[in-house]
Amino acid sequence: MSLSKFQIAKRIAQELQDGYYVNLGIGIPTLIANYIPENISVVLQSENGLLGMGPFPFKENVDSDLINAGKETITTLKGSALFSSAESFAMIRSGRVDLTVLGAMEVAQNGDIANWKIPGKMVKGMGGAMDLVASAKNIIVAMMHTNKKGQSKLLPNCSLPLTGQHCIKKIVTNLAVIEIVDSKFLLKEYAPGVSIEQIIDSTAGELIVADNVCQMKID
Amino acid sequence: MSLSKFQIAKRIAQELQDGYYVNLGIGIPTLIANYIPENISVVLQSENGLLGMGPFPFKENVDSDLINAGKETITTLKGSALFSSAESFAMIRSGRVDLTVLGAMEVAQNGDIANWKIPGKMVKGMGGAMDLVASAKNIIVAMMHTNKKGQSKLLPNCSLPLTGQHCIKKIVTNLAVIEIVDSKFLLKEYAPGVSIEQIIDSTAGELIVADNVCQMKID
Amino acid sequence: MKKVYKNAEQAIFDVEDNSTIMLGGFGLCGIPENLISALVKRGTRGLTCISNNAGVDDFGIGLLLKTKQVRKMISSYVGENAEFERQLLNNELEVELIPQGTLAERCRAAGAGIPAFYTPSGVGTEIAQNKEKRIFDGKTFILETAFKSDFAFIKAWKGDTLGNLVYKGTARNFNPMMATAGKITIVEVEHLVEVGELDPNEIHTPNIYVNRIFEGQNYEKRIEKITTQ
Amino acid sequence: MKKVYKNAEQAIFDVEDNSTIMLGGFGLCGIPENLISALVKRGTRGLTCISNNAGVDDFGIGLLLKTKQVRKMISSYVGENAEFERQLLNNELEVELIPQGTLAERCRAAGAGIPAFYTPSGVGTEIAQNKEKRIFDGKTFILETAFKSDFAFIKAWKGDTLGNLVYKGTARNFNPMMATAGKITIVEVEHLVEVGELDPNEIHTPNIYVNRIFEGQNYEKRIEKITTQ
């Protein structure tokens, strides 16, 4: 009864606030765009040079000169702005992006994140992830609680090469919403049908259960 | 029989080459724009954000949103480009401007220049001069050979606070064309009707007369 | 999240004494006329102004000097007005002079999350005193840091209600970098247009940098030196 | 001073073995297709390529990898093609991975006469190893230097014969900074227009940065992932 990736996206969409500028990473984060509450307006930043990313185009409107950072064809919206990669990362580094959501291989209880390299395997590169985690004011990690082998991805320390240090404050997984406070994982919400014991068992790092822990509200 | 400021400008215009990007300072340098040879094309850069500076506008076309670095109303040309001050000085610092011409209070035989500050007097600021002299590949100083008191402006060392160090390679005055070679002034050309002795007398720094010294060709 | 304000007075409601304010413009070209007037009216004092120039006696930042609201000017070229000179000579005004390119780049750095950079401008001059020097490829450079400012006062030609901006002519000058560099960026435009009216490909300042925007009134757009053929 | 060349072959007449070349583009979007093809034809070897990505097996920089003309890739994200992976695992290819924002800024610095700057990107990671660290306002930054390159290969949408450029959509990406950063900047455009046809206020790359320009042919403009509603 853990969450699907769509439900993880839905839960994170609840974190959005009116007027937010948001950068969504590849994978689950991208799905969040589908669940933006109708009563607020947020602007999506694509780090390859677009502010105000629209939905995928209709077939007849596909434009090879208009892609997102995941290299998918997209559209602009009224009010969009186009710019260079240098300008794009100027925005990111100067902290103008209100919320960054990205995936991770590992998150440590001190806020470290690893999501770009597995030693011994083919390394494709960090893309914009290191810039994003180094500068974002507000980062949420969207990921499965455990990896394909069933091992916890919430660790006392990251074992993989880091993407960024002490930068993660919130994690939304298929099992739980967890904050990082005082270098410990703090369980704030559990997924419907998931027990706190199951979350404790699935978390290798030190996990504290918040006094006001509650069940996630997901349709 | 020394040159007028117009003739100094005319002589410097002979240094222009086809395709040059040129930044002209306030005063005599500005006049050079009137003497660009017809068989070449040069692009004038105005450091407040314009490449391809045109002539002064006709009265009916004056535009308060179009001025040069001297704050005079100007025009654009076909092929002009407008940009920010950061972009403008990016061009300058990266050495894309082929020739910079500016005035000076003092030039030293080692190529130092002073043109922005007289201690004890009201200091207005260096504007873009320090950036220009620090980065230009090719700088010509346009000035009178002596100051209002009749004192030489070509000195063994600058007495005034510097604008830039070891950066001047050529000076065109009302008396002569002088290059700086091995930390000495090298007299290359004398103005019509001006004697070499007069130039030596008017030059406080060490002056060598070039073997091929000749009379300036000025209409 | 409404960025649109009715006028300059409302847009500067929280500008307090002793603020540091960046002001766009080169000479009197592209200056935030409405914001300056509103600041005069508000009477905010002890200001540090980062601006390439300091206006003339009766226009631009000169208006703030006349009312003695400015404690310090950070500029590349100043003194086109008598009041400025008087205050400076009487030690009523502090002035920090910075090479124009360095001024521009320190604004750009602030808006780009770059805390410091090396530049050749000013090496061997008094500007380099007490600054760290470093040689790259045999050439000497000095370390310059990003500006910090509480507000940026920007003037654009057109802007949409989301905050996308387009400048006109050489009125662009320092405005784009300063627009990125203010903790709060307040923009006055000659024409406030609806979202969708500006081509996304032709925007000079993307809306993410703009916190507040309003349509200015009664632009004088004074010219310092009218030169004609 | 003619900047206009007939085609890509003529525009790259002096690109020699072991050159360092910057190539604009993000994925396959905005890449200099004609220049890459001409470089394949020319057979220039030992290249160091600075480019955000490395193309796919049969398009973009992938074409130069297939012919083993590339000695080293400097990129932020690579390996969308099998040949790249094969060469890397066989030590036939050197790869330097750089955070995307740092890659962009190192190009920008090169074109802005800034030899080095501090950035937070990569602090606490292996990217920061052997790099100078420095604290500003309590936060740690690392020193990064400007790239050096012999050539920049740029793709723009429109360009005039003087070299003013306009990009389209997200095909802009790395092109504007790289256009400023090449010792020699060579540009291919979809539409070469006469001087005067581009509005001076809407130019993305001013002509001063462009050394050579030509109108490209047979643009494929391949899409990596066609996603539709």
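The chains referred to below are lettered A, B, ... by the order of the sequence lines, with proteins before strands, and numbering in each begins at 1. In what follows, every heavy atom counts, from backbone to side chain, and hydrogens, waters and symmetry copies are set aside.
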| query | Quick one: what part of C:I127 sits under 4.5 Å from any heavy atom of chain B, side chain, backbone, both or neither? | reply | side chain

| field | Choice from B:M130, B:K71, B:K59 maximising heavy atom contacts with chain C below 4.5 Å | value | B:K71

| said: Shorter than 4.5 Å, heavy atoms on both sides: which option in C:R108, C:R222, C:E85 has the most such pairs with chain B? | reply: C:E85

| For B:T163, does its backbone N or O pair with a side-chain atom of B:N115 as donor and acceptor, under 3.5 Å? | no

| Between the main-chain N or O of B:G25 and the side-chain N or O of B:T30, is there a donor-acceptor pair closer than 3.5 Å? | yes

| said: Can you tell me which of B:G70, B:G164, B:G128, B:P57 forms the most heavy-atom pairs within a distance under 4.5 Å of chain C? | reply: B:P57

| request: Under 4.5 Å heavy-atom distance to chain B, tell me which part of C:E190 shows up: side chain, backbone, both or neither. | output: side chain

| field | Structural part of C:T102 lying under 4.5 Å from a heavy atom of chain B | value | both

| Between C:R172 (side chain) and B:L82 (backbone), is there a donor-acceptor pair under 3.5 Å? | yes

| said: Would you call the rings of C:Y167 and C:H204 parallel, tilted or perpendicular, taking 30° and 60° as the class edges? | reply: parallel

| said: Below 4.5 Å, heavy-atom pairs only: which of C:K139, C:E224, C:E126 has the largest tally toward chain B? | reply: C:E126

| task | Mark yes or no for whether C:Q87, through its side chain, and C:L65, through its backbone, hold a donor-acceptor pair below 3.5 Å. | result | yes

| field | Test item: C:T227 side-chain N/O and B:F56 main-chain N/O as donor-acceptor pair under 3.5 Å | value | no

| field | Contact leader toward chain C among B:S46, B:G49, B:A69, where contacts are heavy-atom pairs under 4.5 Å | value | B:A69

| field | B:Y21 backbone acceptor or donor facing B:D98 side chain under 3.5 Å | value | yes

| task | Begin with the C-alpha distance, continue with both residues' side-chain angles, and end with the deciding distance and a verdict on side-chain hydrogen bond (donor to acceptor under 3.5 Å, both in side chains) for C:T48 and C:R71. | result | CA-CA 6 Å; C:T48 296; C:R71 184 181 64 77; 3.2 Å; yes

| message | Given heavy-atom pairs under 4.5 angstrom as the criterion, report whether the side chain, backbone, both or neither of C:P176 touches chain B. | response | side chain

| query | Side chain, backbone, both or neither: which part of C:N53 has a heavy atom under 4.5 Å from chain B? | reply | side chain

| said: Is B:V133 close to chain C through its backbone or its side chain, or both, or neither, when contacts mean heavy atoms under 4.5 Å? | reply: neither

| remark: Assert top hit (heavy-atom pairs under 4.5 Å, partner chain B, pool C:G27, C:G122, C:P120) equals C:P120

| field | Contact class of C:I226 relative to chain B, heavy atoms under 4.5 angstrom | value | both

| remark: For B:L44 and B:A33 the tightest heavy-atom approach is CD1-CB, 3.8 Å

| Relative to chain C, which segment of B:E47 carries a heavy atom at a distance below 4.5 Å: side chain, backbone, both, or neither? | both

| Most chain B-contacting option - heavy-atom pairs closer than 4.5 Å, from C:I223, C:N175, C:N173 | C:N173

| message | Which atoms of B:I67 are under 4.5 Å from chain C, going by heavy atoms: the side chain, the backbone, both sets, or neither? | response | both

| said: Counting only non-hydrogen atoms closer than 4.5 Å, does B:N68 touch chain C with its backbone (N, CA, C, O), its side chain (CB onward), both, or neither? | reply: backbone

| request: Look at the rings of C:W157 and C:H191 and say which category their plane angle falls in: under 30° parallel, 30 to 60° tilted, over 60° perpendicular. | output: perpendicular

| Part of C:L88 lying under 4.5 Å from any heavy atom of chain B | side chain

| Between C:E33 and C:K155, does at least one N-O distance fall below 4.0 Å, as a salt bridge requires? | no

| field | Residue part contacting chain B, namely of C:F84, when any heavy atom lies under 4.5 Å | value | side chain

| message | Counting heavy-atom pairs under 4.5 Å with chain B, which one of C:A171, C:A104, C:P99 comes out on top? | response | C:P99

| For B:A129, is it the side chain, the backbone, both or neither that has a heavy atom under 4.5 Å from a heavy atom of chain C? | neither

| message | With a 3.5 Å distance limit and no angle check, can you tell me whether B:S152 reaches the backbone of B:L154 through a side-chain donor-acceptor pair? | response | yes

| request: Check step by step if side-chain hydrogen bond (donor to acceptor under 3.5 Å, both in side chains) holds for B:S85 and C:Q100. | output: CA-CA 8 Å; B:S85 300; C:Q100 196 173 134; 5.2 Å; no

